[in-house]
Amino acid sequence: SAVFGQVNLNSPSQVKQALQAKGVKCDSTGQEVLKPLAGKYPQIASLLSYRKYAAMLKKLDELKNVHPVTGRIHPKFDPLNAYTGRFSCSKPNLQNIPRDENVGVDESIRACFVPQEGFQFVLADYSQAELRIAAEISQDRLMIKVFKSGQDLHQLTASRVLEKPIDQITSSERQCAKALNFGLIYGMGSSGLAAYASSQFGVPMTETEADRYREKFFDTYRGVRTWHDKEKLNPHREELRTRSGRLIHFAGKGFTQRLNTPVQSLAADLIKVALAILVRKLEQREARIICMIHDEVVVESKKSITGEIEAIVKAAMLQAGEGLLTHVPLEVDISVADSWAGK
DNA sequence: TAACCTCGCCAC
DNA sequence: AAACGTGGCGAGGTTA
Ligand SMILES: Nc1nc2c(ncn2[C@H]2C[C@H](O)[C@@H](COP(=O)(O)OP(=O)(O)OP(=O)(O)O)O2)c(=O)[nH]1
Ligand SMILES: [Mn+2]
Ligand SMILES: [Mn+2]
């Protein structure tokens, strides 16, 4: 094309050079930068589309090593690799399998993950996991109240940003709002907020508008602002002790990391406690934990006992909160399905 | 050739 | 890309 003559589209440096040669000023060629330019340059839209499909094909390629005997994929789960105490997963990573709405064609990668004959999946995921924990850690009065009354903050934020009634928020709009909520509580700035809203949410937002939105957010959740201010005051604390007793080396960590680490760590501890409870309860039953994705558990359960297993999984995940959280209630979204796509 | 880095993108 | 964070992976590109 006129913009990309003889360039390797897989090479960010060549792409950047080609764009700059055409007078497109950019530092990076990532989505945040290119997406707002896609309307003006159809070639950029094509490039982003190509990158998306290429990423999907790469993911599929990673999933080729099915064990000949078990018919399963056996990744490595490492409980002690991530800084915050999250599990990591590799070879292949099953914690970043594309969600169906992002695959780009009417196909599902997650639907390829199915239980063995005569079994079903129980899929259980903490609702608004780290928002609840942030409410607990910051002791924000309103946020705690919101969770006690069973409201949905992701949905609420989507509704505010899109200026649409709450009952008209689609699941993918809610999904987009997650990054806004977490961005805000973990210290995202006005420029980051504006860029994200424009590129991922499709809502053009100037930096001034972003700044106004941030202020509104922190006026609403005053305890979150106080938490941030407090964290700004002691930027040199070198140790963090988690509620479960782990000591985390904190030296050299910046403001945003200091906000995130206690929350993500507690979330990691929460699900680990839940898994420990659960693995024992499942021992004598025909059901096994086959995957975990940070705040989600996938259990493969014999069909005839799925109802009982569902109750056990939910109870274990809620019970884990009893020793770790004091003010905020937990909720678990749970479903039974014949594939990871959720039926 | 292999090891390493950066970039971009997937998930939570 | 920037004061959101935590990860893994492939491809290009560089270095040993
Ligand atoms: N800092 C940060 N953390 C994220 C982001 N996306 C997900 N997480 C973390 C915080 C979430 O609570 C946690 C689990 O992700 P989920 O997709 O299950 O979202 P969440 O539990 O908040 O909402 P849900 O009610 O399950 O749809 O992972 C993000 O964009 N930034
Ligand atoms: Mn969740
Ligand atoms: Mn989840």
Side-chain angles (χ1 to χ4, degrees), chain A residues 7-17 25-36 47-63 75-104 109-110 125-126 128-131 133-134 154 175 178-200 207 210 214 217 224 228 231-232 235 248 253-268 271 291-297 340:
Chain A
V7 305
N8 183 348
L9 295 182
N10 294 321
S11 165
S13 69
Q14 289 185 36
V15 166
K16 187 163 87 174
Q17 255 191 321
K25 289 188 175 58
C26 60
D27 189 18
S28 131
T29 75
Q31 292 180 61
E32 314 78 37
V33 175
L34 258 36
K35 205 126 174 210
L47 169 69
L48 290 173
S49 171
Y50 162 74
R51 281 204 187 138
K52 205 129 210 137
Y53 288 118
M56 291 304 135
L57 291 174
K58 279 178 209 159
K59 274 285 175 312
L60 280 176
D61 206 57
E62 291 175 42
L63 302 177
K76 177 190 180 201
F77 283 93
D78 191 336
L80 296 172
N81 180 53
Y83 172 66
T84 53
R86 269 191 176 187
F87 273 82
S88 68
C89 178
S90 61
K91 294 197 295 184
N93 182 6
L94 293 191
Q95 295 183 317
N96 70 345
I97 302 301
R99 303 171 61 89
D100 287 353
E101 62 265 35
N102 296 330
V103 170
I109 299 180
R110 295 198 177 198
D125 185 301
Y126 284 109
Q128 311 171 72
E130 288 182 24
L131 283 184
I133 289 169
H154 292 323
Q175 185 64 28
K178 281 185 190 178
L180 283 189
N181 279 333
F182 291 120
L184 287 166
I185 69 169
Y186 297 133
M188 178 186 259
S190 305
S191 41
L193 175 60
Y196 179 82
S198 304
S199 82
Q200 305 297 313
E207 240 175 90
R214 271 186 88 250
F217 182 90
V224 176
H228 283 200
E231 214 52 60
K232 274 180 194 141
I248 295 184
K253 298 295 177 181
F255 173 62
T256 52
Q257 292 172 309
R258 284 163 188 274
L259 292 176
N260 176 268
T261 303
V263 181
Q264 192 175 114
S265 297
L266 183 45
I271 195 150
C291 193
M292 72 84 69
I293 312 95
H294 308 303
D295 77 329
E296 173 182 356
V297 182
W340 194 11

Within this structure, what is the [atom1]-to-[atom2] distance between [X] and [N], rounded to whole angstrom?
X	N	atom1	atom2	value
A/K58	C/dG8	NZ	P	17 Å
A/I185	C/dT6	CD1	P	14 Å
A/L94	B/dA11	CG	P	14 Å
A/L34	B/dC7	CG	P	15 Å
A/E62	B/dC10	CD	C1'	9 Å

When the nearest nucleotide of DNA chain C is assigned to A/F87 and to A/Y186 on a heavy-atom basis, which residue is associated with the more 5' position?
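Comparing both residues, the 5'-ward one is A/Y186.
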5'-most contact on DNA chain C: A/T29 or A/N81, nearest heavy atom basis?
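Final value for this comparison: A/T29.
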Tell me whether the OP1 or OP2 atom of [N] has a side-chain N or O from [X] closer than 4.0 Å.
X	N	answer
A/Q31	B/dC10	yes
A/Q264	C/dG7	no
A/R258	C/dC4	no
A/N102	B/dA11	yes
A/N8	C/dG12	yes
A/T84	C/dG7	no

Using the side-chain heavy atoms of [X], tell me which of these nucleotides is nearest: [options].
X	options	value
A/Q257	B/dC12, C/dA3, C/dG5	C/dG5
A/K91	B/dC12, C/dG8, C/dC9	C/dC9
A/S11	C/dT6, C/dG12, B/dC12	C/dG12
A/N96	C/dG8, C/dA1, C/dG5	C/dG8
A/S90	C/dG5, C/dG8, B/dC9	C/dG8

Does the B/dC12 base have a donor-acceptor partner in the side chain of A/R86 within less than 3.5 Å?
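Flag set: donor-acceptor pair detected.
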Show the nearest heavy-atom pair for residues A/Y186 and A/V263, with the distance to one decimal.
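In this case the closest contact between A/Y186 and A/V263 is OH-CG1, 3.1 Å.
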Answer with base, sugar-phosphate or nothing: what part of the nucleic acid does [X] contact at a heavy-atom distance below 4.0 Å?
X	result
A/T261	nothing
A/F255	base
A/S88	sugar-phosphate
A/K52	sugar-phosphate
A/G254	nothing

When the [atom1] atoms of [M] and [N] are compared, how many Å lie between them, rounded to an integer?
N	M	atom1	value
C/dA2	B/dT6	P	13 Å
B/dC4	C/dC4	P	31 Å
C/dA3	B/dC5	C1'	25 Å

Counting only heavy atoms not in A/K91, do more than 12 sit closer than 6.0 Å to its NZ atom?
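Result for NZ/A/K91: open.
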For A/S11, give me all partners under side chain to side chain contact (heavy atoms under 4.5 Å, CB included), at least two apart in sequence or on another chain.
A/N8, A/S13, A/Q14
Measuring from A/L48:CG to A/Q31:CD, what's the distance to the nearest 0.5 Å?
6.5 Å
Closer than 4.0 angstrom, basic N to acidic O: yes or no for A/R86 and A/E130?
yes
